[in-house]
Amino acid sequence: MKKLLIANRGEIALRIMRTAHEMGIKTVAIFSEIDRNAPHVRFADEAVCVGPSPSNQSYLNGQRIIEVARELNVDAIHPGYGFLSENASFARDVESAGITFVGPSPFSIEIMGSKLAAKAAVKEYDIPMVPGLDSAINDVAEAKAIARKIGFPVLIKASAGGGGKGMRIVEDEASFEEQMQRAISEATSAFGDGSVFLEKYIASPRHIEIQVLADQHGNAVHLFERECSVQRRHQKVVEEAPSSILPPRIREKMGQDAIKVAKACNYRGAGTVEFLVDSSLNYYFLEMNTRLQVEHPVTEMISGVDLVEQQIRIALGEPLRLSQESLAISGHAIELRVYAEDPQNNFLPSIGTISCYKRPKGPHIRVDDGYDAGMAIPIYYDPMIAKLITWGVNRDAAIQLMLEAIEQYEIEGVATTLPFGRFVLEHEAFTSGQFDTHFVQKYFRPEKLQHTTPIGAEIAAKIAVKLYCDYQRKLKVPDVSGPGWKR
Ligand code: ADP
Ligand code: ADP
Ligand code: MG
């Protein structure tokens with residue numbers, strides 16, 4: 001592989017280019033009109049504008065991207081996450097053009113892209129599943145009867161759903177019909193596929209997922225788990241590795257089950273098998289994501305493995321050099337997704353230009369970002385500015401370093417989720433490890449942010465008071481009227 005095109009933008013495009021660069025592979029960036037001066041464009045060896053700012057005319061324009069790849073004699077395309085990463089027909093078109101797709105086969109993407117097809121594929125492998133339906137349903141009366149059997153609350157899910165969208169919780173029978181109609185129409189408009197199914201709504205689950213790597217020669221390993229239970233609207237906001245609750249025995253079992261899921265769809269490359277874990281540590285298969293995950297850095301930090309390098313080597317047909325026995329967890333890592341969103345105002349996207357931007361620095365602090373001072377946050381894409389990752393010898397050390405890194409991180413001009421991150425990392429439920437996917441809903445209120453004084457500001461205030469007092473003492477003017485004056 002001499003030249004790699006990255007069909008993405010922002011932090012993940014840069015992240016992939018860095019590894020390519022280290023491996024001596026030339027990089028090609030693509031960009032939309034608004035991203036002309038973005039860091040990923042400047043970092044790449046070559047860059048081509050693929051269209052106007054809306055993603056369906058640029059980053060999602062597979063045909064144009066393949067054309068560019070051909071013109072520039074590109075050997076491989078890495079799709080990153082989001083955009084075309086889970087689009088089986090794009091992967092197929094890339095391969096038909098004689099270009100290597102850095103990812104699984106179109107066949108694996110297709111199966112795992114449908115939650116129902118995924119369940120069907122893993123059925124023979126004895127993987128625990130969330131109780132519910134394993135086929136699409138559109139007859140409301142029949143669905144209601146099944147929901148009654150499963151027991152309320154139930155979750156209506158779009159088979160083609162993703163990114164936390166296409167899910168409806170139904171608390172009782174009375175609202176079932178209306179919710180199901182809505183779920184079908186939402187799934188049709190959002191994913192172009194109205195298939196929905198039912199799942200038991202697990203009351204207090206934790207989201208724990210396993211990273212897997214599989215090569216083209218039948219070898220597969222897992223790289224332990226990531227816990228992503230801190231979510232907002234079913235979207236992850238804080239992730240960590242390892243989970244604070246998983247005993248080694250269950251970790252190993254989940255790891256082996258994740259490898260089975262990968263085998264079930266003849267997987268190659270890096271993939272993630274997601275599970276829900278209940279309060280008794282029973283786990284249930286949720287879905288498989290057939291791409292690099294947003295939160296992959298926490299796994300890299302505890303395992304020492306560069307997942308992008310592994311993806312590239314696997315795409316080249318190299319056999320995995322990692323054996324399960326050679327992999328071990330070292331310390332603890334946490335990631336905070338830093339969004340241009342206002343946590344004081346219902347997390348509304350904060351539109352504007354970043355006027356000041358200073359990254360936190362230091363050992364074991366990693367910042368994966370795609371912005372610089374002076375850049376505006378485009379309205380067209382995901383408003384994530386950066387991912388802040390810290391590593392520590394244990395969980396407490398990683399949390400402490402994260403709090404310090406949040407203090408050091410200066411982003412002005414737009415509101416960010418940094419103060420929200422501090423709220424999470426300082427919360428007793430998080431520090432004690434006693435939390436589930438309802439953490440944010442249960443504990444977070446915007447008012448809570450107003451009372452938290454940043455550690456740095458607090459220290460600065462204390463120093464100021466001390467200096468003021470010393471200064472006052474020095475300048476104390478004796479009473480002029482008293483007899484002591486002349487003396
Ligand atoms: P991860 O599991 O890697 O954290 P997310 O669910 O946060 O993944 O999704 C990563 C990105 O991909 C987000 O920008 C999300 O909006 C996007 N995404 C994921 N699945 C879909 C989908 N089916 N349709 C549209 N966008 C999606
Ligand atoms: P997506 O494709 O949008 O990522 P997932 O099936 O992975 O959808 O679910 C995303 C999140 O929704 C989970 O992490 C969890 O918080 C919640 N969720 C999904 N299924 C269930 C369920 N059966 N019971 C409770 N929560 C669920
Ligand atoms: Mg998911």
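On a predicted model such as this, the values are computed, not experimentally measured, just so you know. Residue numbers count from 1 along this sequence. All ligand and atom numbering here is 1-based and tracks the order in the structure.
Considering backbone and side-chain N/O of Lys115, one or more are found under 3.5 Å from N/O of ligand 2. Taking distance alone, with nitrogen or oxygen atoms compared against 3.5 Å, Gly164 approaches ligand 2 more closely than that limit. By the 3.5 Å distance cut-off applied to N or O atoms, Thr437 is not counted among the residues near ligand 2. At under 3.5 Å, not a single nitrogen or oxygen of Leu155, backbone or side chain, sits near a nitrogen or oxygen of ligand 2.
Every atom of ligand 2 with a heavy atom of Glu287 under 4.0 Å away is listed here by number and element: 1 (P), 2 (O), 4 (O), 5 (P), 7 (O), 8 (O). Listed by number with element, the atoms of ligand 2 under 4.0 Å from a non-hydrogen atom of Gln231 are 11 (C), 13 (C), 14 (O), 15 (C), 16 (O). With ligand atoms numbered from 1 in the order given, ligand 2 contributes 24 (N), 25 (C), 26 (N) to contacts under 4.0 Å with heavy atoms of Tyr201. Which parts of ligand 2 touch His207 is read off a 4.0 Å heavy-atom cut-off, strictly below it: atoms 13 (C), 14 (O).
Inspection of the Ser105 and Ser108 side chains reveals an N or O donor paired with an N or O acceptor under 3.5 Å. Side-chain atoms of Thr299 and Arg226 form a donor-acceptor pair, as typed in the model, at a separation below 3.5 Å.
Contacts between Asn289 and ligand 2 below 4.0 angstrom, taking non-hydrogen atoms only, are absent altogether. The part of Lys200 lying near ligand 2 is the backbone, judged by heavy-atom distances below 4.0 Å. Under 4.0 Å from ligand 2, the heavy atoms of Val130 that appear belong solely to its side chain.
Screening Glu227, Glu335, Glu209 for a salt bridge (Lys or Arg N to Asp or Glu O under 4.0 Å) involving Lys236 leaves a single residue, Glu209.
Aromatic pair Phe444/Phe347: centroids less than 6.0 angstrom apart.
Atom CG of Asp126 is surrounded by 12 or fewer heavy atoms from other residues, nucleotides or ligands within 6.0 Å. Applying the 6.0 Å contact sphere to CZ of Arg148 captures more than 12 heavy atoms from other residues, nucleotides or ligands.
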- request: Start with the C-alpha gap between Ile312 and Leu316, add the side-chain angles, then the distance that decides, and say whether side chain to side chain contact (heavy atoms under 4.5 Å, CB included) holds.
  value: CA-CA 6 Å; Ile312 292 173; Leu316 283 168; 4.1 Å; yes
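Nearest heavy atom pair, residue Gln216 against residue Ala315, reads NE2-O, 3.6 Å.
Per residue Glu287, closest N, O or S atom to the Mg ion (ligand 3): atom name OE2. Looking only at its N/O/S atoms, Glu274 has OE1 as the one nearest to the Mg ion (ligand 3).
Under 4.0 Å is where a charged nitrogen must lie from a carboxylate oxygen, and between Asp35 and Arg9 at least one such pair does.
Proximity annotation for atom 20 (N) of ligand 2: of Glu86, Lys157, Met167, Lys157 comes nearest, heavy atoms only.
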